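Labels below follow one simple rule: chain letters A, B, ... track the order of the sequence lines, proteins then strands, and each chain is numbered from 1. All figures in this text were calculated on a predicted structure; none of them were measured in a lab.
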Amino acid sequence: MSERIGLEASHAAAEAARMADVDVIAAYPITPQTHIPERLAEMVANGELDAAYIPVESEHSAMSTCVGAAAVGARTFTATAGPGLEYMHNVLYVASAMRLPVVMTVANRALSAPLSIWGDHSDAMSVRDTGWIQVFCQNSQEAFDMTLWAFRVGEDAGVLLPVMVHLDGFHLTHVTEPVILPEQEEVDKFLPKFHYPFALDPDKPMTLGAFAPPDVYSEAKVAQEVALRKSKAVVIKGFEELGDIFGRYYHPVEPYKTEGAKTLLLTMGSFSETAKTVIDAKKDRGESVGLINLRLWRPFPFKELRQAVKSAEILIVFDRCISFGGPGGPVSSEIRSTLYDEKQRPKVVSFIGGLGGRDMSAKDFEYVIDRGREIAENGSEELYETVGIRGKVTDIRG
Amino acid sequence: MEGQSIKFGKNFVTTEEFLAQGHTFCTGCGEALALRLACKALGRHVIIANATGCTEVCTSPLPVTSWRVPWIHTLFENTAATASGIEAGLKILMKKGKTPEKNIKCVAVAGDGGTTDIGIQALSGAFERNHDFLYLCFDNEAYMNTGIQRSSATPYGASTTTAPAGKLSIGQTTWKKNLPEIAVAHNIPYVATASPGYPFDLMNKVKKGGDIKGPAYVHIFSPCPTGWRHATDLAIEIGRLAVETGIFPLYEVENGRYKLNIDRPKLKPVEEYLKTQGRFRHLLDEEIEKIQEHVNEEYAKLKAKVACFST
Ligand SMILES: Cc1ncc(C[n+]2csc(CCOP(=O)(O)OP(=O)(O)O)c2C)c(N)n1
Ligand code: SF4
Ligand SMILES: [Mg+2]
């Protein structure tokens with residue numbers, strides 16, 4: 001029988017790695033990720049998990065060590081946040097291009113300067129194009145489920161790609177919530193043993209990571225791009241299998257009360273749960289609103305997103321990251337581009353907030369929806385507007 | 001199929017090549033020779049993690065490879081960390097019965113730039129964590145692959161493209177970073193210096209480093225005709241001169257105990273070494289004298305360490 005217990009989201013992620021029987025964990029501590037490696041180190045020290053816990057000297061080495069371990073066929077896990085993710089940036093591309101299914105939790109954190117240990121999505125957005133499969137989580141249960149799912153999908157023989165599971169720093173990582181933990185047998189049913197077909201082995205010498213002259217490089221990159229796009233089928237299959245075994249069904253794009261709604265709000269990660277309460281309240285007042293929780297970030301779920309928003313008139317996109325000098329928040333600009341060629345599409349309004357741990361209350365989301373509708377009707381002086389931030393960003397339409 | 005062994009004096013060397021011909025190292029490259037010898041010493045039961053640099057670029061242009069042993073290149077700066085993962089991964093997979101028990105040595109290969117500069121943090125970490133791996137640094141005293149830029153292993157007075165000799169400069173104005181000593185400071189079980197000028201000594205050390213449990217470090221002097229501007233038939237001779245002048249002494253440090261492998265009662269003047277290479281051509285007598293004094297001093301320090309342990 002599975003059990004329902006109170007678990008911090010960080011510990012839920014660690015628990016999933018334990019139940020996946022990971023072989024190698026290489027991690028470097030950084031707030032707000034610390035509870036994950038600490039818990040795993042404890043499990044290894046207590047014999048709850050038979051794994052090599054490698055206390056590397058940096059995040060750059062954490063990912064490099066994961067790459068080395070995955071290349072010999074080990075199931076490999078790490079976790080980091082903000083500046084740590086930036087510090088391993090170079091290696092992220094290597095992991096995906098070499099088709100090594102490392103799983104990593106990112107406790108989303110703002111980037112310096114000024115230093116902030118608190119959450120936003122600047123780190124996630126900066127690694128958007130690294131070739132990893134990426135999902136966002138709303139709560140502790142999802143932190144557990146998505147971590148397990150990440151191994152299932154990344155290690156699939158038809159995928160072989162690394163997977164990043166995003167948990168909002170503090171707002172999610174440090175929150176204790178009820179989590180249903182499955183039985184080990186259920187986990188084993190969901191997650192087959194890892195068999196890496198290209199493991200380095202003296203009995204079968206192979207050259208991994210050779211350098212590519214211009215007549216080879218482009219083909220290698222296109223092959224990688226095809227692999228990531230094709231992985232979507234397994235991403236969805238993984239969600240379905242997870243649902244069939246554990247009873248919780250996930251989707252790349254998750255509409256919440258969007259039936260017939262004229263105005264939709266789109267959020268990612270844990271803030272979606274706050275936004276849902278606002279949708280409930282507004283619906284009770286007879287407003288025609290709904291929410292889209294964007295779970296799958298890479299490969300981007302074009303079809304699902306278009307389908308989910310096609311009947312709406314207004315789509316308000318909430319970003320937790322500034323794309324400096326760019327066309328609004330990174331998520332909103334991707335969504336604009338996704339919808340650009342559609343004959344029937346909602347007007348997209350872009351908001352940015354929740355930076356560096358700034359809370360977004362229900363009232364703030366109410367403001368976003370109300371103001372978003374006004375902007376859709378009357379336009380705005382600005383390319384995007386901010387919420388809950390002192391001082392006005394003027395003249396940014398340029 | 002294992003190759004045959006050929007006897008050279010009291011040394012046996014396999015005819016088998018693990019680094020195949022067809023690579024693109026320059027003619028007369030001392031690094032290529034040293035790498036080939038090291039591979040012979042290691043045999044086939046290895047996994048090599050290679051840093052970016054000549055050893056990587058000259059051996060792995062897709063779609064071909066010179067490597068007959070499993071080999072991985074990831075980046076320039078992280079080879080010791082990649083090796084850490086390979087070593088730890090293999091160990092735990094064997095412990096958990098997920099991979100058959102085999103004797104496989106993880107060997108990291110990097111240049112002086114990848115070791116003494118950009119890779120030193122990863123290397124220090126891997127030493128400190130006590131991974132069972134062998135790290136081979138092929139020291140050609142500059143970033144050769146990118147066009148002879150200075151590194152912290154470039155010797156005083158050498159002219160490179162980023163520390164060129166000119167009206168106001170002698171080229172490199174700092175003394176070579178002593179990485180073997182930094183390795184020793186990590187209290188690892190085995191540190192050695194080697195040179196393709198002494199091929200059997202080199203192979204013995206690489207083999208020993210590979211056999212030892214725990215981290216081992218072999219720093220290999222690698223004459224580079226292209227970067228040092230020396231004749232292409234001189235790599236071995238220059239390798240020997242570096243030892244005979246005391247510029248690059250051959251020694252081992254086993255569990256902290258120093259041993260000088262080649263000890264000449266009288267060192268040759270450094271000038272004999274310097275004059276073989278275009279990178280030192282601009283040096284005036286006073287600079288050569290300064291180098292001589294420095295070499296004398298360093299050599300004396302090394303001998304003192306050796307003396308501590310001689311019984
Ligand atoms: C992060 C990063 N910085 C710089 C480079 C460029 N780079 C590649 S190889 C190299 C120099 C290699 O020098 P060394 O390690 O001494 O090896 P050698 O080529 O001399 O054998 C440099 C600077 C790189 N590939 N990656
Ligand atoms: S540049 Fe020097 S080290 Fe590199 S291949 Fe040529 S000779 Fe060898
Ligand atoms: Mg070099």
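With a threshold of 4.5 angstrom between heavy atoms, B/Ala49 does not approach chain A through any atom at all. Contact of B/Ile86 with chain A is made through backbone and side chain together, with heavy-atom distances under 4.5 Å. For chain B, the nearby parts of A/Val56 are the backbone and the side chain; heavy atoms of each come within less than 4.5 Å. With a threshold of 4.5 angstrom between heavy atoms, A/Ala212 approaches chain B through its backbone and through its side chain. Neither the backbone nor the side chain of A/Asp215 comes within contact range of chain B; no heavy atoms are under 4.5 Å apart. The contact between A/Met98 and chain B is made entirely by side chain atoms (from C-beta outward), counting heavy-atom distances below 4.5 Å. At a 4.5 Å heavy-atom cutoff, the contact between B/Leu93 and chain A is made by side-chain atoms alone. In this structure, the portion of B/Lys95 lying under 4.5 Å from any heavy atom of chain A is its side chain and not its backbone.
Side chains of B/Ser124 and A/Glu57: no donor on one and acceptor on the other come within 3.5 Å. Using modelled atom types and a 3.5 Å distance limit, the side chains of B/His186 and B/Glu128 yield no donor-acceptor pair. Residues B/Ser60 and B/Thr65 have side chains that never bring a donor and an acceptor to within less than 3.5 angstrom of each other. Side-chain N/O atoms of A/Asn90 and B/Glu77 include a donor and acceptor closer than 3.5 Å. Using modelled atom types and a 3.5 Å distance limit, the side chains of B/His73 and B/Thr52 yield a donor-acceptor pair.
Counting non-hydrogen atoms of neighbouring residues, nucleotides and ligands closer than 6.0 angstrom, the NZ atom of A/Lys230 reaches no more than 12 such neighbours. Residue B/Asn103 qualifies as open at atom CG: its count of foreign heavy atoms under 6.0 Å is 12 or below. Around NZ of B/Lys207, the count of heavy atoms belonging to other residues, nucleotides or ligands within 6.0 Å does not exceed 12. For A/Lys189, the NZ atom is loosely surrounded, since the number of other residues' heavy atoms within 6.0 Å does not exceed 12.
In terms of non-hydrogen atom pairs under 4.5 Å with chain A, the most contact-rich of B/Val57, B/Thr79, B/Asn50, B/Ile48 is B/Val57. With chain A as the partner, the residue from B/Gly89, B/Pro70, B/Ala81 showing the most heavy-atom pairs under 4.5 Å is B/Pro70. Comparing A/Val216, A/Thr207, A/Val24 by how many heavy-atom pairs each has under 4.5 Å with chain B, the most go to A/Thr207. When each of A/Ala26, A/Ala220, A/Ser61 is checked for heavy-atom pairs under 4.5 Å with chain B, A/Ser61 comes out on top. Contact tally against chain B (heavy-atom pairs below 4.5 Å) for A/Asp203, A/Val91, A/Asp201, A/Thr76: the top residue is A/Asp201.
In terms of modelled atom types and a separation under 3.5 Å, the side chain of A/Arg152 and the main chain of A/Thr147 share no donor-acceptor contact.
Using a 4.5 Å heavy-atom cutoff, the side chains of A/Met164 and A/Val127 are in contact. Side chains of A/Glu155 and A/Tyr196 form no contact here, defined as non-hydrogen atoms less than 4.5 Å apart.
Of all residues in residues 131-152 of chain B, those placing a non-hydrogen atom less than 4.5 angstrom from a non-hydrogen atom of chain A are B/His131. Of residues 28-52 of chain A, those residues lying under 4.5 Å from chain B by any heavy-atom pair are A/Asp50, A/Ala51, A/Ala52.
The aromatic rings of B/Tyr217 and B/His219 are tilted relative to each other, their planes meeting at an angle between 30° and 60°.
Taking the centre and axis of the six-membered ring of A/Phe151, the NZ or CZ atom of A/Arg75 falls inside the cone set by 45° and 6.0 Å.
The two residues A/Leu85 and A/Thr80 make their nearest non-hydrogen contact at N-OG1, 3.6 Å.
B/Glu17 pairs with exactly one of B/Arg68, B/Lys40, B/Arg44 by the salt bridge (Lys or Arg N to Asp or Glu O under 4.0 Å) rule, that one being B/Lys40.
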